[in-house]
Protein chains: 2
Amino acid sequence: MSKLIEVKIAELASMLPMFIGVLIDGSEMDTSVKLNVSEGKTLMFLHKHEGDPMTDYSRKVGLSKGSFTTVADSLVKKGFIKRVSVSNDRRKYALMLTDIGKDIAKQIDAGFNKHIAKKVSQLEEEDINNLHKALEIMVYTMDKLKEREDQI
Amino acid sequence: MSKLIEVKIAELASMLPMFIGVLIDGSEMDTSVKLNVSEGKTLMFLHKHEGDPMTDYSRKVGLSKGSFTTVADSLVKKGFIKRVSVSNDRRKYALMLTDIGKDIAKQIDAGFNKHIAKKVSQLEEEDINNLHKALEIMVYTMDKLKEREDQI
DNA sequence: ACCATTTAGTTCGAAGTCTAACATTTTGAT
DNA sequence: ATCAAAATGTTAGACTTCGAACTAAATGGT
């Protein structure tokens with residue numbers, strides 16, 4: 001009897017963290033400053049899009065909001081980001097990069113891109129295209145699932 | 001100018017942790033015993049395949065070997081797994097489930113499958129099939145990358 | 001307008017994870 | 001056969017993250 005597709009998906013999904021591990025493996029943040037992984041990720045996401053509320057970034061980085069406060073505090077202390085009150089919702093703080101923060105963020109982003117490019121270069125062109133499509137599907141699926149969740 | 005495919009892949013890959021988050025969100029290990037997430041994952045992987053050396057499981061669970069020692073110790077202490085010396089390499093310990101461990105592992109696996117099935121049921125059939133294919137590509141790609149890495 | 005509920009972010013003690021140094025065993029080159 | 005290098009797993013202290021309780025602000029129903 002062949003397994004239900006749901007079960008197959010569950011099985012494959014459980015291997016995703018390992019996939020990420022393989023993809024990330026060997027990448028180093030050789031910035032001039034000491035940053036832990038969460039701080040690095042935060043700067044990378046800020047480099048892609050600044051000015052969102054903290055909760056958005058905490059979700060992207062994959063931390064609970066409690067933990068993310070620590071990360072944000074540390075980045076502020078190091079002078080790489082600022083908490084800015086922009087919206088008319090006074091509970092929210094938009095995060096913005098400082099000038100130094102922008103430099104570091106750019107470095108991290110470039111380093112990550114370079115690392116992935118190197119990884120991906122070990123694959124044949126067809127595999128690269130398939131990987132790209134696969135990743136697009138995952139993101140598309142994620143958005144759809146988030147939408148559905150919100151409707152409840 | 002359109003971005004290089006490598007850069008697009010890097011960008012999409014950075015969203016994978018969030019994808020996993022959305023997929024896992026809402027799942028709870030309602031076993032009769034208190035287990036942390038890493039312990040649960042470990043039992044789940046053991047349920048799928050027993051008898052591998054510790055380092056294999058640490059990679060699957062996504063922990064450093066140092067941290068995994070803690071997890072294994074705790075599972076041994078709770079009576080769910082055993083360290084068995086089977087191979088002729090005397091540094092290696094194969095992990096095996098105890099009888100109680102098997103029960104718990106089966107519960108966790110069933111719970112996870114059920115959770116994923118519920119998530120996936122929010123999608124249309126076409127999306128489900130695409131997701132399945134996408135996940136297969138990721139695993140295929142991971143294996144290929146691991147192979148290439150080993151050749152160096 | 002009121003107030004219960006929800007949301008954004010913080011705090012802090014407990015829990016979990018990392019990292020680097022280490023012991024032990026295996027591998028591979030000579 | 002020897003020995004340096006690599007691999008498996010452990011230890012312990014530093015660091016990071018969780019989770020629950022909290023403050024403050026916004027929302028929405030009546």
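Below, chain A is the first sequence line, B the second, and so on; all start at residue 1.
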**Asked** Which of these passes side-chain contact (heavy atoms from CB on, under 4.5 Å) with A:V71: A:T42, A:L35, A:V76?
**Response** A:T42
Atom [atom1] of [X] and atom [atom2] of [N]: how far apart are they, to the nearest Å?
| X | N | atom1 | atom2 | value |
| --- | --- | --- | --- | --- |
| B:E28 | D:dC18 | CD | C1' | 15 Å |
| A:K34 | D:dT16 | NZ | C1' | 16 Å |
| A:L63 | D:dG19 | CG | P | 12 Å |
| B:N36 | C:dA14 | CG | P | 17 Å |
| A:D52 | C:dA8 | CG | C1' | 14 Å |
| B:K77 | C:dG16 | NZ | C1' | 15 Å |
| A:R90 | D:dT27 | CZ | P | 12 Å |
| A:L35 | C:dT19 | CG | P | 14 Å |

Would you say the side-chain atoms of [X] pair up with the backbone N or O of [Y], donor to acceptor, closer than 3.5 Å?
| X | Y | value |
| --- | --- | --- |
| A:K78 | A:K34 | yes |
| A:E50 | A:L97 | yes |
| B:T98 | B:F80 | yes |

**Message:** Over all strands shown, is B:S38 touching base, sugar-phosphate only, or nothing at heavy-atom distances under 4.0 angstrom?
**Reply:** sugar-phosphate
**Message:** If you assign A:D89 and A:E39 each to the DNA chain D nucleotide with the nearest heavy atom, which residue ends up on the more 5' nucleotide?
**Reply:** A:E39
Could you list all N or O pairs between the protein and nucleotides 9-12 of chain D that sit under 3.5 Å apart?
residue: D:dG9; atom: OP1; partner: B:M54; partner atom: N; Å: 3.3
residue: D:dG9; atom: OP1; partner: B:Y93; partner atom: N; Å: 2.9
residue: D:dG9; atom: OP1; partner: B:Y93; partner atom: O; Å: 3.4
residue: D:dG9; atom: OP2; partner: B:T55; partner atom: N; Å: 2.8
residue: D:dG9; atom: OP2; partner: B:T55; partner atom: OG1; Å: 2.4
residue: D:dG9; atom: N7; partner: B:K65; partner atom: NZ; Å: 2.8
residue: D:dG9; atom: O6; partner: B:K65; partner atom: NZ; Å: 3.0
residue: D:dT10; atom: OP1; partner: B:R83; partner atom: NE; Å: 2.9
residue: D:dT10; atom: OP1; partner: B:R83; partner atom: NH2; Å: 3.1
residue: D:dT10; atom: OP2; partner: B:T69; partner atom: OG1; Å: 2.9
residue: D:dT10; atom: OP2; partner: B:R83; partner atom: NH2; Å: 3.4

**Prompt:** Salt bridge between A:D109 and A:K102, side-chain N to carboxylate O under 4.0 Å?
**Reply:**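 Salt bridge: no.
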**Message:** Assess whether a salt bridge exists between A:E124 and B:K144, defined as any Lys/Arg side-chain N lying under 4.0 Å from an Asp/Glu carboxylate O.
**Reply:** yes
**Asked** Reckon B:S64 has a side-chain N or O less than 4.0 Å from the OP1 or OP2 of C:dT17?
**Response**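 So the side chain of B:S64 is outside the cut-off, no N or O lying under 4.0 Å from OP1 or OP2 of C:dT17.
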**Item:** B:S64/B:S67 under side-chain hydrogen bond (donor to acceptor under 3.5 Å, both in side chains): CA gap, chis, key distance, verdict
**Value:** CA-CA 5 Å; B:S64 70; B:S67 313; 2.8 Å; yes
